[in-house]
Amino acid sequence: MQVTFIKPTLGCMDQGERFVDEGRMEPLSLGLLAGLTPPGVDCRLFDDRVDEIDYDESTDLVAINIESFTARRGYEIAAEYRARRVPVVMGGMHATLIPDEVAEHADAVFYG
C-alpha cells in the first residue's frame with residue numbers, strides 16, 4: 001500500500017505564482033505521521049511549499065495536514081485526488097477546529 005502525506009502551502013499569489021514562504025519551518029508532522037505508519041506501508045511525503053505534486057503518480061491514500069491558513073490550498077489538493085478517485089483523509093489544527101467544513105472536502109477527518 002502506498003500512502004502520500006502532504007503539507008499544503010498557502011496557495012498562489014494573484015499572478016498565479018506559487019507563494020514562497022521564506023520563514024518556513026520543517027514540516028515535522030509529516031515525519032511523525034510517516035513514523036507512526038505500520039510496517040509494510042510505503043510512505044511518500046510532499047511539502048507543497050517546495051515540492052511539485054504529481055497528482056497522476058499512483059497512490060492508494062492521501063493524507064493532508066492542514067492549518068486554517070493552508071485550508072484553501074489543502075482543499076484544492078484534495079479535490080485533485082478525489083477527482084482521480086483516490087481517498088483523502090485530512091487532519092491537523094483546522095480539522096480539529098472545524099471538522100464539519102473539512103468533511104466536505106475529504107473522505108475521512110481526524111481531529112481531537
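Here the shortest heavy-atom pairing between H105 and A78 reads O-CB, 3.4 Å. When all heavy atoms are compared, the tightest approach of I77 to I6 is CG2-CD1, 3.7 Å. Heavy-atom minimum distance, A95 versus V109: CB-CG1, 3.8 Å. The two residues N65 and T70 have their closest heavy-atom pair at O-OG1, 4.5 Å. Shown here for A106 and R82, the closest heavy-atom pair between the two residues is N-NH1, 3.4 Å. Closest approach of Y55 and R84 over heavy atoms only: O-CD, 3.3 Å.
Between V102 and I66 the shortest side-chain heavy-atom distance falls below 4.5 Å. You'll find the side chain of V89 reaches within 4.5 Å of the side chain of L61, heavy atoms only.
The closest donor-acceptor contact from the side chain of D107 to the backbone of V88 lies under 3.5 Å. Between the side chain of T59 and the main chain of Q2, a donor-acceptor pair closer than 3.5 Å is present. Distance alone, capped at 3.5 Å, places no donor-acceptor pair between the D51 side chain and the I53 backbone.
The structure places CD1 of I64 at 13.0 Å from CZ of F110, a figure rounded to the nearest 0.5 Å. To the nearest 0.5 Å, atom SG of residue C43 and atom CE of residue M1 are 10.0 Å apart.
In this structure, M93 is not a member of the same hydrophobic cluster as Y75, with clusters built from ILVMFWY side-chain heavy atoms closer than 4.5 Å. No continuous path of ILVMFWY side-chain contacts below 4.5 Å connects M90 to L97, so the two sit in separate hydrophobic clusters. Taken together through direct or relayed side-chain contacts under 4.5 Å among Ile, Leu, Val, Met, Phe, Trp and Tyr, I98 and F69 form parts of separate hydrophobic clusters.
Salt bridge annotation for E67-R73: absent, with no cationic side-chain nitrogen under 4.0 angstrom from a carboxylate oxygen. Taking a cutoff of 4.0 Å between a charged side-chain nitrogen and a carboxylate oxygen, R72 and E76 do not qualify as a salt bridge.
The only member of L33, V62, L32 that meets side-chain contact (heavy atoms from CB on, under 4.5 Å) when paired with F5 is L33.
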